[in-house]
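Keep in mind the model is a prediction, meaning the values are calculated, not measured. Values below: all heavy atoms of this structure, side chains included; hydrogens, waters and symmetry mates excluded.
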Amino acid sequence: MTSPTDRTSTTRFPVTVDAALRQAGWQPGRWDIKRAEYWADALRSHVSPAGHRHTVFPAAVEAWAEFGGLHVTPAGPGRQIAPATVHFDPLHGLHMARTLGDLGRALESEVCPLGVDTTGQGLLTIDATGRVYSLDHSGDWYLGRDVDTALTMLVSGTAPTRLTSG
């Protein structure tokens, strides 16, 4: 008999990522739209002291509905860097409307908070096309074309690509 780590993945995620997600409470078909709508309403209604507002779009709501509330803790070492512990809760970015607006203008897309990398204290964000980014004290990082790719990168400890200006 083989252990789950001995086999190749038969899910949409690599085995180690799938295991970390399931340990956090995720399963295929997970969908909590009520929680996602609560977060959407909270972000839409928040206005910063300078008048900045969040934008909310389907890619963000879908990611929150599937992964919202999860605390994903990887097991083992990372491939290139330490793997990240992730908490999917967009309210970590509630007070970042201006920063996310600035990033969105630079990316020529709307950007919304997704959660945090609690290991490196990075704010995880998603754009209107589903691409995922992290903003931390050292810069802005591209994590992947979609949430699945970003999760795989974060949990497996693969180094992200730094966004550059110009």
Subject >> Stepwise side chain to side chain contact (heavy atoms under 4.5 Å, CB included) test for Thr99 and Leu135 >> reply: CA-CA 9 Å; Thr99 300; Leu135 290 69; 3.7 Å; yes
Of all heavy-atom pairs between [X] and [Y], which one has the smallest distance, and what is that distance?
{"X": "Pro160", "Y": "Leu143", "answer": "CB-CD2, 3.6 Å"}
{"X": "Ala59", "Y": "Ile126", "answer": "O-CD1, 3.6 Å"}
{"X": "Ala128", "Y": "Ser109", "answer": "N-OG, 3.4 Å"}
{"X": "Leu123", "Y": "Pro113", "answer": "CD1-CB, 4.5 Å"}

Between [X] and [Y] (side chain of the first, backbone of the second, donor and acceptor by atom type, cut-off under 3.5 Å), is there such a pair?
{"X": "Thr85", "Y": "Thr119", "result": "no"}
{"X": "Gln121", "Y": "Thr118", "result": "yes"}
{"X": "Glu66", "Y": "Arg30", "result": "no"}
{"X": "Arg53", "Y": "Arg44", "result": "yes"}
{"X": "Arg131", "Y": "Asp146", "result": "no"}
{"X": "Ser45", "Y": "Asp41", "result": "yes"}

[X], [Y]: one ILVMFWY side-chain cluster at the under-4.5 Å cut-off?
{"X": "Trp39", "Y": "Leu94", "answer": "yes"}
{"X": "Trp31", "Y": "Val56", "answer": "yes"}
{"X": "Val86", "Y": "Leu91", "answer": "yes"}
{"X": "Ile81", "Y": "Tyr133", "answer": "no"}
{"X": "Leu114", "Y": "Phe57", "answer": "yes"}

**OP:** To the nearest 0.5 angstrom, please state how far the CG atom of Leu124 sits from the NE2 atom of His92.
**Re:** 9.5 Å
Original post:
Would Trp26 and Phe13 count as a close aromatic pair, with their ring centres under 6.0 Å?
Top reply: yes
**OP:** Taking only Lys NZ, Arg NE, NH1 and NH2, and the carboxylate oxygens of Asp or Glu, determine whether Arg12 and Asp148 approach each other closer than 4.0 Å.
**Re:** yes
**OP:** Report yes if the side chains of Thr161 and Trp141 come closer than 4.5 Å at any heavy-atom pair, otherwise no.
**Re:** no
Original post:
Could you walk me through whether His54 and His46 pass the side-chain hydrogen bond (donor to acceptor under 3.5 Å, both in side chains) check?
Top reply: CA-CA 7 Å; His54 287 281; His46 179 77; 5.5 Å; no
**OP:** Applying side chain to side chain contact (heavy atoms under 4.5 Å, CB included), run through Tyr142 and Arg162 and close with a yes or a no.
**Re:** CA-CA 6 Å; Tyr142 176 68; Arg162 186 180 191 130; over 6 Å; no
**OP:** Please identify each residue that fulfils salt bridge (charged side-chain N to carboxylate O under 4.0 Å, His left out) with Asp89, with sequence neighbours left out.
**Re:** none
Original post:
Which residue, Leu43, Val61, Leu100, forms the side-chain contact (heavy atoms from CB on, under 4.5 Å) with Cys112?
Top reply: Leu43
**OP:** Please say whether more than 12 non-hydrogen atoms of neighbouring residues, nucleotides or ligands are located less than 6.0 Å from CD in Glu108.
**Re:** no
**OP:** Take Val72 and Phe88, measure what side chain to side chain contact (heavy atoms under 4.5 Å, CB included) needs, and give me the verdict at the end.
**Re:** CA-CA 8 Å; Val72 183; Phe88 282 96; 4.3 Å; yes
